[in-house]
Protein chains: 2
Amino acid sequence: MTQEQEAGLEQKILETAEQLFLEKGFAMTSTTEIAKKAGCNQALVHYYFRTKENLFQSIFEQKIRLLISSFQDHEMQNLTFEEKLKRKIETHFEMIRANPRLPFLVMNEFTTNPSRLEAFRIKIIAVPQAVFHKLEEELNEEIRAGRIRDITVMDLVLNIVSLNAMLFLTGNIFKCVAQLSEEQYQMMIEHRKQEHVKVILASLRP
Amino acid sequence: MTQEQEAGLEQKILETAEQLFLEKGFAMTSTTEIAKKAGCNQALVHYYFRTKENLFQSIFEQKIRLLISSFQDHEMQNLTFEEKLKRKIETHFEMIRANPRLPFLVMNEFTTNPSRLEAFRIKIIAVPQAVFHKLEEELNEEIRAGRIRDITVMDLVLNIVSLNAMLFLTGNIFKCVAQLSEEQYQMMIEHRKQEHVKVILASLRP
DNA sequence: TTACAATTTAATAGCTCTATTAATAAACGC
DNA sequence: GCGTTTATTAATAGAGCTATTAAATTGTAA
């Protein structure tokens with residue numbers, strides 16, 4: 001049916017754990033539940049990953065990389081800065097749309113377990129600088145030319161990430177409170193994508 | 001020392017629980033821990049509140065009301081729409097700044113426990129409509145006069161809430177990754193407040 | 001003082017969770 | 001086939017958690 005099916009229990013456990021961690025976070029997911037849903041004995045989870053923390057970290061680290069990479073460049077030299085930025089916003093948006101619970105997981109785990117945050121700091125500190133360096137140069141060039149207002153790359157990225165991530169962080173809340181059908185919800189998501197682009201581009205006008 | 005001190009253990013338990021729930025969420029906080037930190041026997045927590053869920057809900061409901069009320073009107077008739085909106089953004093910002101873990105708590109509990117969300121839906125569905133109705137009228141008047149672009153009150157509010165809430169949701173992460181001192185962090189917060197006002201106002205220009 | 005109510009505690013029942021261990025089944029080289 | 005890894009399970013130790021109960025302590029009104 002799906003892409004897994006005949007992949008062995010180790011892989012199955014990994015996939016099940018990923019799904020459950022994304023759904024309910026680390027604390028609310030037990031190895032017992034993972035095993036039951038993966039269709040194996042609970043001890044097998046510990047046989048492959050020794051501890052629940054191990055299992056979580058292998059999933060978590062990979063997901064963090066995915067998150068950061070979504071801001072990577074995508075070869076579009078012949079476009080205006082505005083067009084490039086629009087694409088960047090949309091790419092980031094679509095990455096989160098494809099992993100809608102990821103912002104929740106990151107926030108939840110880094111907030112409830114600050115030691116995890118400290119451990120990851122070294123791993124991820126170098127990445128953003130590399131990713132944002134080119135954007136920064138282009139941004140400064142536009143500012144120098146007077147085509148956009150003065151703004152740091154940090155502020156710009158924070159604005160984009162805030163809008164995009166928050167939409168999916170509050171997605172279920174909004175859907176429930178506003179009593180939206182799945183179809184209405186998807187339309188709203190699509191509409192917000194346009195809105196985010198509008199807001200960011202407008203916020204840069206001199 | 002602080003404002004409590006001689007308030008009885010029931011109050012003390014309530015305050016301690018609030019602090020711990022905000023810090024670590026519902027699942028990661030035990031009644032045992034609450035009792036120890038409040039300086040009483042664990043059974044006393046259950047004597048006053050019967051269940052952990054009860055204790056949580058009495059805190060949670062009050063906090064949700066606080067969140068919503070921050071968008072309430074504050075009597076400023078003689079100001080331009082732009083000035084009024086600026087004040088609204090800043091009021092909302094300051095409310096979250098005074099309760100910086102509140103966005104995390106709301107998101108965490110509504111996300112990990114959808115049944116809580118359903119239970120709260122009825123209670124909170126009426127409030128936003130009342131709060132946002134006046135804003136909507138003023139907004140539409142500005143649009144009709146051509147002073148701002150066409151936008152729904154929902155989009156406007158989502159933009160504001162996204163920027164303000166997300167700043168504090170990611171506050172600790174950012175502070176740690178960027179290795180900011182407390183002072184630097186506070187400056188950054190202040191700077192972002194101005195940035196949010198800038199972004200929202202700019203995003204409304206026709 | 002005494003009776004009675006409110007507060008606080010010690011003890012513990014009953015779960016559930018993580019992790020380990022020892023035993024069993026499957027797979028695989030030789 | 002035989003021995004040796006590898007995979008899988010049943011059983012359980014050990015800990016922590018929620019909630020209850022019964023007893024002890026404190027407060028209070030007659």
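Residue numbers start from 1 in every chain, and the chains themselves are labelled A, B, ... in the order their sequence lines are given, proteins ahead of strands.
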A.B. asks: In this structure, how many angstroms lie between the P atom of C/dT8 and the NZ atom of B/Lys12, rounded?
C.D. replies: 13 Å

A.B. asks: Once you round it to whole Å, what is the distance between C1' of C/dT20 and NZ of A/Lys52?
C.D. replies: 17 Å

A.B. asks: Reckon A/His46 has a side-chain N or O less than 4.0 Å from the OP1 or OP2 of C/dT18?
C.D. replies: no

A.B. asks: Using the side chain to side chain contact (heavy atoms under 4.5 Å, CB included) rule, take A/Lys88 and A/His92 through it: C-alpha gap first, then chi angles, then the decisive distance, then the call.
C.D. replies: CA-CA 6 Å; A/Lys88 258 190 208 299; A/His92 182 248; over 6 Å; no

A.B. asks: Could you state the atom-to-atom distance from CD1 of B/Ile34 to P of D/dC17 in whole Å?
C.D. replies: 11 Å

A.B. asks: Let me know the distance between CD of A/Glu53 and P of C/dC17, rounded to the nearest Å.
C.D. replies: 18 Å

A.B. asks: For the side chain of A/Leu44, counting heavy atoms from C-beta on, which of D/dT18, D/dT8, D/dA10 is nearest?
C.D. replies: D/dT8

A.B. asks: Counting just side-chain N and O atoms, does A/Tyr47 come under 4.0 Å of either OP1 or OP2 of D/dA7?
C.D. replies: yes

A.B. asks: Can you tell me the distance, in whole Å, between the CZ atom of A/Phe49 and the C1' atom of D/dT8?
C.D. replies: 15 Å

A.B. asks: Are the side chain of A/Thr170 and the backbone of A/Ile173 linked by a donor-acceptor contact shorter than 3.5 Å?
C.D. replies: no

A.B. asks: Does B/Thr32 make a side-chain N or O approach to OP1 or OP2 of D/dG16 shorter than 4.0 Å?
C.D. replies: no

A.B. asks: In whole angstrom, what separates B/Leu9's CG from D/dT25's C1'?
C.D. replies: 14 Å

A.B. asks: Specify the closest pair of heavy atoms between B/Ser203 and A/Ala202, including all atoms of both residues, with the distance to one decimal.
C.D. replies: CA-CB, 3.8 Å

A.B. asks: Measuring centre to centre across the rings, with the benzene-like ring taken for any Trp, is A/Phe110 within less than 6.0 Å of A/Phe60?
C.D. replies: yes

A.B. asks: Can you tell me the distance, in whole Å, between the CE atom of B/Met28 and the P atom of D/dG16?
C.D. replies: 14 Å

A.B. asks: Using whole Å, what does the distance between atom P of nucleotide C/dC15 and atom CD of A/Glu33 come to?
C.D. replies: 19 Å

A.B. asks: Starting the side chain at C-beta, find the nucleotide from C/dT7, D/dA10, D/dA19 nearest to B/Gln42.
C.D. replies: D/dA19

A.B. asks: By the 4.0 Å heavy-atom rule, please label A/Ser30 as base, sugar-phosphate, or nothing.
C.D. replies: sugar-phosphate

A.B. asks: Determine whether a donor-acceptor pair (one donor, one acceptor, N or O, separation below 3.5 Å) exists between the side chain of A/Glu10 and the base of D/dA7.
C.D. replies: no

A.B. asks: Looking for any heavy atom pair under 4.0 Å, which part of the strands does A/Tyr48 touch: base, sugar-phosphate only, or nothing?
C.D. replies: sugar-phosphate

A.B. asks: Under 6.0 Å from the ring centre and within 45 degrees of the ring axis: does the NZ or CZ of B/Arg116 meet both conditions for the six-membered ring of B/Phe26?
C.D. replies: yes

